[in-house]
K.L.:
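Got a structure for you, questions after.
Because only heavy atoms are used, hydrogens play no part in the values below, and waters and symmetry mates are left out as well, while side chains stay in. The structure presented is a predicted model; accordingly, all values stated were derived computationally and were not measured.
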Amino acid sequence: PMDAQTAQSAAVGAKYNIALQVAFRLVTFALNGYTLRHTSAAMLGVVNVRLTLLYSTILFLSREAFRKAALGARYDWALVRNLVWLSVPVGGIVSAGLTLVWTQLLENPLVEGYSGAAAAFALCAVVELTTEPLWLLTQISNMPRTKVVVDSIALLARCLVVVICVQLSPGLWGFCLAQAAQSVIMAALFYVVMSREASKGRLFLPSWRDFLPSAIQGVPWYRAHPPHLRERYVGFMQQSLLKQFLTEGERYLMTFFRTIPIAEQGVFDVINNLGAMPARMIFSPIEEAYFTFFATLLAPGNSQDTTRAITAALYLSTLLKTVTLLGLIMAVFGQTYAWLALDIYGGKLLSNGDGVALLKAYAWYLVLLAVNGITELFATAISTVETVRANNRYMVLFSAVFIAAALTFTGLFGAVGFIYANMLNMLCRISRSTIQIMRFFSSRPLALRQGHPLAKALPRAQVAGSLVAAWVVTSISEAYMHSHTGFFVRLVHIAVGAAMFAVVAASIYVWDRPFLAAARDVWANRGPKK
């Protein structure tokens, strides 16, 4: 059946992407840790916040709307390809304008070579835009693994160049060279891999020349695309601006409002990236894989089917409970192992000052991030056109709440205020998605015979008790570690944490076997039991 095939595809895709993400992230994690010990907090702020924000803003404004317009289009490949290639000249214009803003209007961070570095990062973004037709091909041809592998290799190359350059001379030029290596290697790999796929007949295109823009019936390539797609582009651009702000909100506020000093921005960004690793490696692949599953299962015309609603309830409760338990475990152990993790990873640069408080707060933020990911993807899958419009209005409201909260909380608590503001934003979004989910199942009572999926996602009391016990015991162990010195006491603290993790895992096995059985069915692609 199609449902089973979609579920199997989602599970396999999620497993593969998680494994690949973990493998590459662990390598880059180690390389970044080395870099932290050979650079300053101010340099991290300039590179990881100011310059990276310029780079990501150019990419997002230049390609996101084109991507959405092209993916939903049902036109000849040549017409769609020409539209996507417009992202390159658009990117050139955007990069020139934003580079002037970054170098002339924003406060100069007083780091040697800053203006040249901004121009270099902007140029790298334009180079990466030349791969957009190939990215579109990977989506149309169902080749997501190609993109994951290419991105990961390019990121690994960037980290290696940074490590070499900071060892030779810890200046901005090394980070520029590393960014150039990432962009060039990504573009080269994309063209080599996709050209080989075309030559072997695995694509619907006979030659690599079909990747490039061309005139159609005498019309120049930059005009040879349907007017309807231009209209879709304009509509998606409006949505993209809001999405970009929600994604990079803290960095924009740091950059334009100077809410915290540049050195604190560097530490915040490192902690933010470190804390986000579980989301990128585990939660995001699950969300990407199962959005397609829910969208197919509950497509218009199918959503009233009782069997499909029951299947949706099972998968929703299982996925939601999985990420909730993972998030809570990370949050609990994050409170008592944040200092040790940062001291091992980045030394005194991270373990002294605000780094520990930031990571502890981010550990709790991960719980909300995980829950929002699953509830929001389900809510999106069941949304009607009217619901989407209403959600866009709510997103504008939530953006205003985030801005007000971030400006207020950073004034009161410093950099950690950004995380508190993000928590508030996630709570707002979870509330909105929860209302939609409850409305969906309230009209399908037969799907709730075994309990409401949101209620079933809550951890059992015994499991919650084991998490509290783990926090108490590891807190005592951490206090003992700080009152003594030496490598041995650190090992003892780690051993205590491993033992308490085993206790939590055992409590789930003993008192929540129905969940484990459902999880095995979901991840083994068997679906709900009859």
Side-chain angles (χ1 to χ4, degrees), residues 55-99 122-151 154 182-244 292:
Y55 172 80
S56 65
T57 302
I58 293 170
L59 287 178
F60 201 93
L61 294 181
S62 303
R63 73 186 182 188
E64 186 70 13
F66 282 117
R67 285 182 170 187
K68 290 183 176 180
L71 282 175
R74 296 186 179 182
Y75 293 98
D76 180 73
W77 162 254
L79 295 173
V80 177
R81 174 202 61 202
N82 285 347
L83 176 76
V84 173
W85 266 106
L86 284 175
S87 63
V88 177
V90 169
I93 296 171
V94 171
S95 63
L98 290 182
T99 301
L123 180 60
C124 289
V126 176
V127 170
E128 190 169 330
L129 287 172
T130 62
T131 66
E132 282 305 288
L134 306 182
W135 176 89
L136 182 61
L137 269 178
T138 63
Q139 301 301 306
I140 295 175
S141 305
N142 193 26
M143 300 170 60
R145 298 177 186 178
T146 300
K147 181 182 182 302
V148 172
V149 172
V150 169
D151 285 348
Q182 178 180 359
S183 298
V184 171
I185 289 173
M186 177 186 296
L189 283 177
F190 251 130
Y191 277 96
V192 169
V193 171
M194 298 304 285
S195 296
R196 181 176 297 178
E197 294 294 311
S199 65
K200 293 182 178 180
R202 295 173 181 171
L203 300 176
F204 59 86
L205 303 176
S207 169
W208 63 268
R209 294 180 179 85
D210 293 295
F211 302 158
L212 305 177
S214 62
I216 298 177
Q217 297 179 350
V219 180
W221 72 268
Y222 51 86
R223 292 181 180 175
H225 44 78
H228 175 64
L229 290 186
R230 289 200 297 268
E231 296 171 3
R232 285 170 58 85
Y233 167 79
V234 173
F236 282 126
M237 175 55 76
Q238 296 170 353
Q239 296 180 11
S240 298
L241 291 172
L242 178 60
K243 180 180 177 182
Q244 174 65 0
T292 303

K.L.:
Rounded to the nearest 0.5 Å, how far apart are CG of L123 and OG1 of T99?
P.N.:
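One gets 9.5 Å once the value is rounded to the nearest 0.5 Å.
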K.L.:
Restricting to non-hydrogen atoms, name the atom on I58 and the atom on V94 that form the minimum distance, rounded to 0.1 Å.
P.N.:
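Closest pair (atom of I58, atom of V94, distance): CA-CG1, 4.2 Å.
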K.L.:
What are the two closest heavy atoms between S62 and S87, and how far apart are they?
P.N.:
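Looking at all heavy atoms of both residues, the shortest contact is O-CB, 3.2 Å.
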K.L.:
State the CG-CZ distance between L136 and R63, to the nearest 0.5 angstrom.
P.N.:
12.5 Å
K.L.:
Identify the heavy atoms of T131 and A187 that sit nearest to each other, and give their distance.
P.N.:
CG2-CA, 3.4 Å
K.L.:
Any chance you could measure S183, atom OG, to L59, atom CG, to the nearest 0.5 Å?
P.N.:
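The distance works out to 7.5 Å.
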K.L.:
Determine whether M194 and T146 make a side-chain contact, defined as any pair of heavy atoms from C-beta on separated by less than 4.5 Å.
P.N.:
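The answer is yes, as the side chains (C-beta and beyond) meet within the 4.5 Å cut-off.
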K.L.:
Identify the heavy atoms of P133 and W85 that sit nearest to each other, and give their distance.
P.N.:
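Shortest heavy-atom contact: CG-NE1, 3.1 Å.
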K.L.:
Any side-chain heavy atom of T130 sitting closer than 4.5 Å to one from F190?
P.N.:
no
K.L.:
How far apart are the closest heavy atoms of V126 and S95, and which atoms are they?
P.N.:
CG2-OG, 3.7 Å
